[in-house]
There are 4 protein chains.
Amino acid sequence: MTTSRATSTRYQQQHQRAIAAAASVFAKKGFHGATTQDIANEMGIQQGSLYYYFDSKEAALEEVCLFALRDYLSRMEVLATQPGSITNKLGKAIQSHLASYRTHHEAMKVHNEQRLYLADTRREQLKTLGSRYRELLEQLFSAGVKDGSLNPQLDCRFSARSLIGLCNYWGVMLLRDTRLDIEDIGARCLELTLQGSLPPG
Amino acid sequence: MTTSRATSTRYQQQHQRAIAAAASVFAKKGFHGATTQDIANEMGIQQGSLYYYFDSKEAALEEVCLFALRDYLSRMEVLATQPGSITNKLGKAIQSHLASYRTHHEAMKVHNEQRLYLADTRREQLKTLGSRYRELLEQLFSAGVKDGSLNPQLDCRFSARSLIGLCNYWGVMLLRDTRLDIEDIGARCLELTLQGSLPPG
Amino acid sequence: MTTSRATSTRYQQQHQRAIAAAASVFAKKGFHGATTQDIANEMGIQQGSLYYYFDSKEAALEEVCLFALRDYLSRMEVLATQPGSITNKLGKAIQSHLASYRTHHEAMKVHNEQRLYLADTRREQLKTLGSRYRELLEQLFSAGVKDGSLNPQLDCRFSARSLIGLCNYWGVMLLRDTRLDIEDIGARCLELTLQGSLPPG
Amino acid sequence: MTTSRATSTRYQQQHQRAIAAAASVFAKKGFHGATTQDIANEMGIQQGSLYYYFDSKEAALEEVCLFALRDYLSRMEVLATQPGSITNKLGKAIQSHLASYRTHHEAMKVHNEQRLYLADTRREQLKTLGSRYRELLEQLFSAGVKDGSLNPQLDCRFSARSLIGLCNYWGVMLLRDTRLDIEDIGARCLELTLQGSLPPG
DNA sequence: CATGAATGAGGATTCATTCAT
DNA sequence: AATGAATGAATCCTCATTCAT
């Protein structure tokens, strides 16, 4: 059992490394522009060995996208059920969204920009997870409208999507320019989302 | 000369069609995922004939991106020099930005998502145009701050970029879902940008 | 039109050469043992150029098999409708069968030995043609039984199939050993089929 | 020694299973179309473990062919030395030949169709065994001619080879269609070989 | 005995590009 | 202005084989 467990661990470790390598390469070159050789190089193994961990290049893309979405969504699920003011929760959601661009390597970027190259059958799960995320964010806005902390005129669906668009834009910027500060960007995104650009009062 | 002019006109027409075809194909499949055969099919000519209009596939991408940016920027230049309130101008800028997603076929999308696959030398002009656009938008915000119509605390650079991110997000949505109404989306984007989500007053 | 016709002829010529090259290589090395490089070499073109004439290696196999069966069957159709004694027709059928091994390069051998590697969808037409051939041969035997020139006890289906097996065996031998004489082998096959091995009387 | 013997027995059992598995897979997919993974799957072991029983894939093919030929030939040797009429012996030879297609799994088919993919050095022994088989069969015909039970005009070499071709054809049919009855097919083959198709007398 | 992991060479296929016509 | 034919390099993927454990 020790052997089996150790083996299994070894495989899982390498599998994780493969996902990370694929994420990095896909983020830089795009799915079609990346080669399996690139990914293997990034991992330090032979090209053929990659197929020990992925069934195909497309399967690799799917795994990268799922990897990105899963933890991103799970943090949102946790956040949604915890107590706190809506504006506070929104701030945390933004921070979490931006943070996943840095902590998950480039998987989030890959998900946003490359997922459409997946065959429909491979995208189903992704769609489910993505919808769920949008839903949770929309519910946050709805709750804010209901408890009076947000504008009653708000189109919550539009707001949620706009916030996702905004975070994705800055998330990519965070990847491109490492000097940018996540907390700073997050704070500004929250401010923009809440107060807009008009003078106060 | 008449012949040459006629020829040239015919050539220019076909050239424009080639750019449009390339834009459409690149938007759907990405630069690396698209083949010159795809573009030729879209135009209804033979693969080899494409090289009469483009020096290379990469040159095609460059032309598509330039095509997108040029007119997009020129409308912004005009807008910037015209009289009117800042908020009014912002609204027009947003409308113009979103509109280019529909009127320029998919060239804008291609510019946003695929331009990084161009070699650096090919991207210089694009960078110049893009910077100029961001600058103009930023100046709009600055002017608003100066004349008191926008919040004096505003980070204009951040705001301009956020607005670009927001418009690009919705621009892609406009392409993906043709039922969405440009004017409606534009109005909402302006509202969000100006007032945020908090209750008025 | 002249150009178009000439071009079309050029293509058809090369296409035929490609089929012959594929037949030769598949006969020698088997479908899976042969490489597209082998076929290209046999034709004297580049490996990639082969795909101008075949959609895939499997399509090449299909074309080879069809090429073999079509003419083989058509000669049988002609033969069946012509006048003459049954034994005379049987002799001609045998000669025709054996001859196709030499005149059609190795396509017949490929059909017999490699056709099962084709996907089912690709084999349908082949099955139809093959069945038709067996049918025609069987009808020859039936006619012989009916007109009294063959043994009334004969199982025509078994006889027709056995004759095919016999001819295929010797057809392959003809390919392997070019010193063998087609007419001689054909005559002996006919004799065996008609008289067996027992002493006359 | 006991251990070693036990080990050896276990090894021999597995070795036999490996040959049977290889025969089955080679028969279905051909030598080049089959993978070592296929064979391992058929045996229920890991791909790498196969190399405990075979030095290489080609060695596996050799063993399968030898396995098929050895017993097939030995039965023929026995048959040749036993008393009985020629026609009776021929009948038994045919039955034995056909039977080996069913009892030796698919090894006979593999021998007939795939042995040419073996390197020459590996085929020597097979050639010897095959020649010996043909020789024995030819001698059977010769003896028949000599003792007057067969047609004195008979080309015994041709007859022996034709019978082999006939039996191999029906042997493969027996594999493909398990509803066919060996004894029935054997009887018909004998009848055809002896009497041909002409009416008696 | 057996396996999991890795290799690396080979193979089918694609595709941007060229060019004679 | 356009095309058909060809190229050849690149790329994804497979697979026989090895080997430490």
Side-chain angles (χ1 to χ4, degrees), chain A residues 2-4 6-8 10-11 13-15 32-40 43-60, chain B residues 7-8 10-11 14-15 32-40 43-60, chain C residues 2-4 6-8 10-11 13-15 32-40 43-60, chain D residues 7 10-11 14 32-40 43-60:
Chain A
T2 312
T3 310
S4 145
T7 307
S8 154
R10 160 78 173 164
Y11 180 88
Q13 276 176 356
Q14 288 287 80
H15 189 194
H32 290 295
T35 70
T36 54
Q37 182 72 65
D38 292 332
I39 303 175
M43 264 190 85
I45 62 173
Q46 292 303 115
Q47 187 198 20
S49 308
L50 206 60
Y51 285 78
Y52 196 70
Y53 300 104
F54 293 131
D55 282 344
S56 68
K57 193 184 166 190
E58 206 191 346
Chain B
T7 306
S8 155
R10 157 78 173 156
Y11 179 87
Q14 287 287 81
H15 188 194
H32 287 112
T35 71
T36 55
Q37 182 70 64
D38 292 331
I39 303 175
M43 265 191 84
I45 63 174
Q46 292 304 113
Q47 190 187 18
S49 310
L50 208 59
Y51 284 77
Y52 194 72
Y53 302 106
F54 294 129
D55 283 344
S56 68
K57 192 185 167 190
E58 206 190 348
Chain C
T2 313
T3 311
S4 146
T7 306
S8 155
R10 160 77 174 162
Y11 179 88
Q13 278 177 355
Q14 288 286 80
H15 189 194
H32 290 295
T35 70
T36 55
Q37 182 70 65
D38 291 333
I39 303 175
M43 266 190 84
I45 63 173
Q46 293 301 115
Q47 187 192 20
S49 308
L50 206 60
Y51 285 78
Y52 196 71
Y53 300 104
F54 292 132
D55 282 346
S56 67
K57 193 184 166 189
E58 205 191 347
Chain D
T7 306
R10 157 78 173 156
Y11 178 87
Q14 287 286 80
H32 287 113
T35 70
T36 55
Q37 181 70 65
D38 291 332
I39 303 175
M43 267 189 83
I45 63 173
Q46 291 304 113
Q47 190 187 16
S49 311
L50 208 59
Y51 285 77
Y52 195 73
Y53 301 106
F54 294 130
D55 282 345
S56 68
K57 192 185 167 190
E58 206 190 348

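All heavy atoms count here, side chains included; hydrogens, waters and symmetry mates do not.
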Give the rounded distance in Å between these two atoms: [atom1] of [X] and [atom2] of [N].
X	N	atom1	atom2	value
I45(C)	dG4(F)	CD1	P	18 Å
Y52(A)	dG8(E)	OH	P	17 Å
I39(B)	dT14(E)	CD1	P	18 Å
D38(A)	dC12(F)	CG	C1'	13 Å
H15(A)	dG4(E)	NE2	C1'	16 Å
Q14(C)	dA5(F)	CD	C1'	9 Å
L50(C)	dA12(E)	CG	P	10 Å

Set of side-chain contact (heavy atoms from CB on, under 4.5 Å) partners for S49(C), sequence neighbours left out | I45(C), Q46(C)
Report the residues that fulfil side-chain contact (heavy atoms from CB on, under 4.5 Å) with F54(D), sequence neighbours left out, ordered by chain and then residue number.
-> H15(D), A18(D), I19(D), A22(D), L50(D), A60(D), E63(D)
Could you work out which one of dG4(F), dT7(F), dA5(F) sits closest to the side chain of Q46(B)?
-> dG4(F)
Please report the shortest heavy-atom distance between Q14(A) and M43(A), naming the atom on each side.
-> O-CE, 3.6 Å
Once the angle between the rings of Y53(D) and Y11(D) is folded into 0 to 90°, is it parallel (under 30°), tilted (30 to 60°) or perpendicular (over 60°)?
-> tilted
Straight-line distance of T36(D) OG1 to K57(D) NZ, nearest 0.5 Å | 7.5 Å
Verify the contact: side-chain N or O of R10(B) to OP1 or OP2 of dA2(F), cut-off strictly under 4.0 Å; return yes or no.
-> yes
side-chain hydrogen bond (donor to acceptor under 3.5 Å, both in side chains) against T35(B), all qualifying residues, sequence neighbours excluded | D38(B)
Runs of at least three consecutive Watson-Crick or G-U pairs, both distances under 3.5 Å, are what I'm after; which ones involve DNA chain F?
-> E:2-21 with F:2-21
With heavy atoms under 4.0 Å as the rule, sort F54(D) into base, sugar-phosphate or nothing.
-> nothing
Which nucleotides of nucleotides 13-19 of chain F have their base under 4.0 Å from a protein heavy atom (B), which only their sugar-phosphate (S), and which neither (-), written as one string 5' to 3'?
-> BBSBBB-
Contacts of Y51(C) meeting ring-ring contact (aromatic ring centres under 6.0 Å, His included) (sequence neighbours excluded), chain-then-number -> none
